[in-house]
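Below: one structure, written as structure tokens.
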There are 2 protein chains.
Amino acid sequence: MKIKIKKIDYLPARQVTFSKRRRGIFKKAGELSILCESEVAVIIFSQTGKLFDFSSSRYQYNTPPPFHTKDVIARYNSHIGGEKSDQPTIHQLQLEKENNIRLRKELEDKSCKLRQMKGVDLEDLDLDELQKLEKLVEASLGRVIQTKEEKIMSEVMALEKKGAELIEANNQLSHRMVMYPRGDIGPEAILELENLNNIGEESVTSESTTNVTTCSNSSLSLEDDCSDILSLKLG
Amino acid sequence: MKIKIKKIDYLPARQVTFSKRRRGIFKKAGELSILCESEVAVIIFSQTGKLFDFSSSRYQYNTPPPFHTKDVIARYNSHIGGEKSDQPTIHQLQLEKENNIRLRKELEDKSCKLRQMKGVDLEDLDLDELQKLEKLVEASLGRVIQTKEEKIMSEVMALEKKGAELIEANNQLSHRMVMYPRGDIGPEAILELENLNNIGEESVTSESTTNVTTCSNSSLSLEDDCSDILSLKLG
DNA sequence: TCTACTATAATTAGGGG
DNA sequence: CCCCCTAATTATAGTAG
């Protein structure tokens, strides 16, 4: 009656063999776990996709098998996966969630402060807090204006320097015109000169008008600009 | 030679039995998978914690065992765990991490904006951005001052109302004094009078102090009006 | 830990209920 | 799916190397 280890073609016989041998393996697994105090899990999927599983723990803890098979699997994962096992994942998830909560709180706090700095949602502040806020915004305004003026000054400086350079270039070109009065300066050279002059004038004019505009416009509704400008800067 | 299924005490014998039976189970598992075309995985941990595992796939795909045992485990998880298997946990972790990154970016963004609203770290802003920021802070300052003034006014109103009530109470008491000049006001009435006066004085004093303190901190010209109004109405 | 051996225990194919 | 039975096969305890 010896059989070859190959697929049993006759379905009824295969089903019977599957049942018998499956129980045989589970029994052997249980025996091994007891005899040698080892932890054993067996997972079998029948040809039709049905699951049969065994784990030695069902004898030890007297609870339904799936959970203990899961335990063995968790141990298996932590053995071979090392860093990718179940427990650290769950622990990490917890950490990430706590982080998230903390970040949300910080974000809410920052948003609230930012709104107050923008001068909205001030209803809940008492007089003393409003006083402090006013000082803060006042000081901020001072710094902004100072920074702006410094920037304007440095740009003016730069433009003056450029102007001086242009004048120098002009002088040199005039000098060359004198040196070569019959005009062997090419058209490109003339164009270059004109461009330089235009650039200089436009720049100076634009910056200076901007400055004037600042001083004349003092109380427009600017709130919406904030996010635009700042995100522009941050982007 | 029949043995009882209980822990083998003699260590060498237990080790030999473990080795023999382990191989026996693996063999049976392999045979079952072939005979009945089923998928089998066996996981065994020895008493010393060493892992031995078998999966039927090693015959089918000719690749190292751990991966195929993992495949069987994955199938096992999707079978029984369904919603609580490995994948969702890892997916959730991914989501939380992405959330975290997003929150961190928002927080950084808000912090930067807040710093700029406070007038620090303005070096990287260009002239146009500084211009807009100035308008924004200016408008904010206006709103803060306005809110503060409104608050001050409402507190003044409250004080006026309280003062008027006190005056009225005074008048009534004086009237009663006239009505009963020989003083047949009972002790309770006297007590009531004293209480009313005390409450009134304490209230006025405290509110007024707060108000003066507030105004003295201000660079604006509100303090004189406040004091005048208070002294005028309450005095 | 492995191999070999042997006697015996355990499993199981095949059949039937 | 359960049980049975029987004969054949297989697994393994004990032992030694």
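Computed from a prediction, not measured in an experiment: that's the story for all the values here.
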Taking a pair to mean Watson-Crick or G-U wobble geometry with both distances below 3.5 Å, dC5(D) pairs with dG14(C)

Each nucleotide of nucleotides 9-17 of chain D classed B (base within 4.0 Å of a protein heavy atom), S (only sugar-phosphate) or -, in 5' to 3' order, makes SSSSBB---

Of all heavy-atom pairs between [X] and [Y], which one has the smallest distance, and what is that distance?
X: I152(A); Y: L127(B); answer: CG1-CD1, 3.5 Å
X: L35(A); Y: I3(B); answer: CD2-CD1, 4.0 Å
X: L32(A); Y: S38(A); answer: O-OG, 3.5 Å

Roughly how many Å is it from NZ in K4(B) to C1' in dT8(C), rounded to a whole number?
18 Å

Rounded distance (Å) that lies between atom P of dG14(C) and atom CG of L11(A):
14 Å

For F26(A) and F54(A), take the angle between the two ring planes, folded into 0 to 90°, and tell me which bin it lands in: parallel under 30, tilted 30 to 60, perpendicular over 60.
parallel

Quick one: does C36(B)'s side chain get under 4.5 Å of T17(A)'s, heavy atoms only?
yes

